[in-house]
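Atoms considered below: every heavy atom in the structure, side chains included; atoms not considered: hydrogens, waters and symmetry mates. We're numbering straight along the sequence, starting at 1. Since this is a predicted model, take the numbers as computed values, not measurements. Just so you know, ligand 1 is whichever comes first in the structure, and atom 1 is the first atom listed for that ligand.
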Amino acid sequence: GTLAGVVEYRNVTFAYPGAESPVLSNISFTAQPGQTIAIIGSTGSGKTSLLSLLPRLYDPAEGEVLLDGVPVSRMDRADITRRVALVPQRPYLFSGTIEHNLRFGKTDATDQELWEALQVAQGDEFVRAKKNGLGSRISQGGTNVSGGQRQRLCIARALVSRPRVYLFDDSFSALDVATDARLRAALKGITADATVIIVAQRISTITEADQILVLDNGRIVDRGTHQELLETSPTYQEIVES
Ligand code: DUT
Ligand code: MG
């Protein structure tokens, strides 16, 4: 049968509450299970806003966001959360243990699943090095772990929840190039039949994406593979050269 996790944005226009002008205009794209879709664009171009509409942090003014053909506006929030994992640009940890943080979306995950997720997220070593391992305490907001460690724990948390759709908002740019490459290679296996949407800063993170959407001022100005965009998109060329 068909794998669940088809994401479709259909003519989506969105303005923040109280704002006069939209931050996203007429956004349309489809992401299929097994695919990686990358979103690139300058700061303020609307990448985070675009992702936020799928888990319904906000609802669009016009158009529709669909998950497996059903508008998310008609779905139960819990149902969306079960199927879509968002790793936010500013990853957040809860006060509690590392284990609590990892099990957040899936309380029945086994320890082995937690370690596997940590391994993929390149976070197993630092957790293993802690005296209490998975039982180590995270302070409120996760201030006792580094930014990179926090990011890896949040990636691991998303992996533990085994969603159909992964949204990574700039989740790899704080990692050094080698760790980024290792993480994405490991990620491929675990997300093979899921739908992956990645917001990225670094071109090397997204060269293998099935499709790259180039966002400029809330609009998709170009789309294609890395190679296609190199040949056709001045905006993409600018990003590559910057
Ligand atoms: N914006 C708001 N309210 C918010 C968040 C963002 O008005 O709560 C505005 C700021 C910006 C536009 O929306 O003009 C797009 O912001 P977004 O965060 O989506 O941009 P980005 O592409 O994710 O930028 P960055 O690369 O800095 O993360
Ligand atoms: Mg952003």
What I want to check is whether the side chains of [X] and [Y] have a donor and an acceptor closer together than 3.5 Å.
X      : Y      : answer
Asp210 : Thr36  : no
Gln89  : Thr48  : yes
Asp222 : Thr232 : no

Discussion item. With nothing but distance in play, are any N or O atoms of Thr43 less than 3.5 Å from an N or O of ligand 1?
Written reply: yes
Item to complete: Measure from atom 4 (C) of ligand 1 to the protein's non-hydrogen atoms and state whether any distance is below 4.0 Å.
Response: yes
Worksheet entry | Backbone or side-chain N/O/S of Gln89 under 2.8 Å of the Mg ion (ligand 2) | yes
Worksheet item: Of all the atoms in Thr43, is at least one N, O or S atom closer to the Mg ion (ligand 2) than 2.8 Å?
Response: no
Check this for me, if you would: do [X] and [Y] make a salt bridge, where the nitrogen-to-carboxylate-oxygen distance has to be below 4.0 angstrom?
X      : Y      : result
Asp59  : Arg56  : yes
Arg77  : Asp79  : no
Arg162 : Glu113 : no
Asp68  : Arg83  : yes

Discussion item. Taking a cutoff of less than 4.0 Å between a non-hydrogen atom of the residue and any ligand atom, is Gly41 in contact with ligand 1?
Written reply: no
Fill in: Within-shell test, Ala19 vs ligand 1, heavy atom, strictly < 4.0 Å
no
If you have a sec, work out which protein heavy atom is nearest [atom] and how many Å separate them, to one decimal?
atom                    : value
atom 12 (C) of ligand 1 : Val23 CG1, 3.7 Å
atom 15 (C) of ligand 1 : Gly44 O, 3.4 Å
atom 26 (O) of ligand 1 : Lys47 NZ, 2.7 Å
atom 6 (C) of ligand 1  : Tyr16 CE1, 3.5 Å
atom 19 (O) of ligand 1 : Ser49 OG, 2.5 Å

Worksheet, complete the sentence: Here the atoms of ligand 1 under 4.0 Å from any heavy atom belonging to Gln89 are 25 (P), 28 (O)
Practice prompt. Identify the two heavy atoms, one from His226 and one from Ile203, that lie closest to each other, and give their separation to 0.1 Å.
Written response: CE1-CG2, 3.7 Å
Worksheet item: How does Thr48 reach ligand 1, by side chain, by backbone, by both or by neither, if only non-hydrogen atoms under 4.0 Å count?
Response: both
Discussion item. Less than 4.5 Å apart, side chain to side chain, heavy atoms only: is that true for Val6 and Leu67?
Written reply: no
